[in-house]
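Presented below is the structure to which this report refers.
Given the structure is predicted, the values throughout are model-derived calculations rather than measurements. What's counted below: heavy atoms across the whole structure, side chains too, no hydrogens, waters or symmetry copies.
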Amino acid sequence: QVQLVESGGGLVQAGGSLRLSCAASGRTFSTTTMGWFRQAPGKERNFIAAISRTGLNTYYVDSVKGRFTISRDNAKNTLYLQMNSLKPEDTGVYYCAARIRSLPLSSSYQYDYWGQGTQVTVSS
C-alpha cells in the first residue's frame with residue numbers, strides 16, 4: 001500500500017508559478033514510478049507527467065513540456081511538480097499517482113495508488 005497526499009495548490013495569475021508536492025508513505029517510495037494527472041472542470045482526468053523510480057528519466061505531455069518540471073526526492077519520500085508560465089487552461093485538480101509495474105513512462109495506464117488531489121486555479 002502507498003498513501004499519497006498532495007499539497008501546494010492555490011490561486012495564481014496567468015504567467016505565475018506554483019510548486020506542488022506529493023508526500024508518500026507506506027511501500028518504499030523508490031520502488032514506484034510516479035505520475036501527475038490533471039482534471040479540468042467538467043472533463044476527464046488526464047495524464048501530464050511521469051518520473052522514473054530513480055528520477056533520472058521524465059516524460060511530459062506536449063501541453064506542459066517546457067513549463068512544468070517533475071522531480072522526486074526519494075530520501076524524503078516526496079514527489080514535486082514545478083509549474084511555471086501557468087495558463088488559465090492549466091486550471092484543475094492535480095493528482096499524484098504511484099505505479100508499481102514497470103511500464104514506459106509515456107504510458108498513463110495501471111497507476112495503482114492515488115492522492116486526493118489539490119486544486120490549482122489560474123486566473124486570466
Side-chain angles (χ1 to χ4, degrees):
Q1 288 285 338
V2 177
Q3 293 77 44
L4 302 171
V5 180
E6 301 96 336
S7 61
L11 174 64
V12 63
Q13 288 188 331
S17 299
L18 280 176
R19 188 174 84 153
L20 306 184
S21 298
C22 171
S25 61
R27 182 189 179 98
T28 305
F29 180 66
S30 62
T31 66
T32 60
T33 296
M34 298 298 296
W36 284 100
F37 291 72
R38 173 173 71 196
Q39 186 167 20
K43 297 186 178 181
E44 64 182 21
R45 187 163 56 190
N46 290 323
F47 171 65
I48 58 173
I51 189 166
S52 63
R53 297 169 184 178
T54 62
L56 293 178
N57 300 103
T58 58
Y59 173 83
Y60 302 92
V61 298
D62 287 345
S63 61
V64 306
K65 196 175 297 181
R67 300 187 299 121
F68 290 11
T69 302
I70 187 172
S71 61
R72 66 191 297 166
D73 186 336
N74 286 346
K76 295 183 178 180
N77 289 350
T78 304
L79 173 74
Y80 303 100
L81 185 68
Q82 177 67 45
M83 306 186 294
N84 298 329
S85 301
L86 283 162
K87 305 175 182 179
E89 52 263 43
D90 294 318
T91 293
V93 179
Y94 283 69
Y95 299 88
C96 64
R99 182 169 66 201
I100 298 171
R101 182 170 297 190
S102 180
L103 292 173
L105 287 182
S106 59
S107 171
S108 62
Y109 297 111
Q110 297 189 16
Y111 276 84
D112 304 286
Y113 304 101
W114 296 83
Q116 83 290 347
T118 186
Q119 176 70 46
V120 172
T121 303
V122 184
S123 63
S124 56

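One distance of note links OG1 of Thr33 with CD1 of Ile100; it measures 10.0 Å at 0.5 Å rounding. The OG1 atom of Thr91 sits 8.5 Å away from atom CG of Leu11, with the distance rounded to the nearest 0.5 Å. Note that OG of Ser85 and CZ of Arg67 are 7.0 Å apart. Values are rounded to the nearest 0.5 Å. Atom CG of Leu81 sits about 11.0 Å away from atom CD of Glu6, to the nearest 0.5 Å. Going from atom CG of Leu105 over to atom CZ of Arg53 covers 10.0 Å, rounded to the nearest 0.5 Å.
Remark: Asp112 does not engage Arg101 in a salt bridge, criterion side-chain N to carboxylate O under 4.0 Å. A salt bridge links Asp62 with Lys65: the distance from a Lys NZ or Arg NE/NH1/NH2 to an Asp or Glu carboxylate oxygen falls below 4.0 Å.
Val93 and Tyr80 fall into different hydrophobic clusters, where Ile, Leu, Val, Met, Phe, Trp and Tyr residues are linked whenever their side-chain heavy atoms come under 4.5 Å apart, directly or through other members. Residues Ile48 and Val120 share a single hydrophobic cluster, defined by chaining ILVMFWY side chains whose heavy atoms lie under 4.5 Å apart.
Shortest non-hydrogen contact noted between Ser71 and Ile51 is CA-CD1, 3.5 Å. The two residues Arg38 and Ser63 make their nearest non-hydrogen contact at NH2-OG, 3.9 Å. In terms of heavy-atom proximity, Ser124 sits nearest to Ala14 at CA-CB, 4.4 Å. Residues Ala98 and Val2 share a closest heavy-atom pair of CB-CG1, 4.4 Å. Pairing each heavy atom of Leu103 with each of Ser107, the nearest pair is CD1-OG, 4.1 Å.
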Check: residues 18-25 side-chain donor-acceptor pairs under 3.5 Å, at least two apart:
residue, atom, partner, partner atom, Å
Ser25, OG, Gln3, OE1, 3.3

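Residues meeting the side chain to side chain donor-acceptor pair (under 3.5 Å) test with Gln119, sequence neighbours left out: Thr121.
Side-chain contact, Asp73 with Thr78: no donor N or O sits under 3.5 Å from an acceptor N or O.
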Exercise for the section: Please report the C-alpha distance between Arg72 and Thr32 in whole Å, then the side-chain angles of each, then the deciding distance to 0.1 Å, and finally whether the side chain to side chain contact (heavy atoms under 4.5 Å, CB included) criterion is met. Expected result: CA-CA 11 Å; Arg72 66 191 297 166; Thr32 60; 4.0 Å; yes

Problem - Steps toward side chain to side chain contact (heavy atoms under 4.5 Å, CB included) verdict (Gln82, Ile70) - result: CA-CA 6 Å; Gln82 177 67 45; Ile70 187 172; over 6 Å; no

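A 4.5 Å side-chain heavy-atom check between Gln116 and Leu4 finds every atom pair outside the cut-off.
By the 6.0 Å and 45° rule, Arg45 stacks over the aromatic ring of Tyr95.
Residue pairs meeting the ring-ring contact (aromatic ring centres under 6.0 Å, His included) criterion with at least one partner in residues 19-71, sequence neighbours excluded, are Phe37-Phe47, Phe37-Tyr111, Phe37-Trp114, Phe47-Tyr59.
At least one donor-acceptor pair under 3.5 Å links the side chain of Thr54 to the backbone N or O of Leu56. One N or O on the side chain of Arg99 and one on the backbone of Tyr109 form a donor-acceptor pair closer than 3.5 Å.
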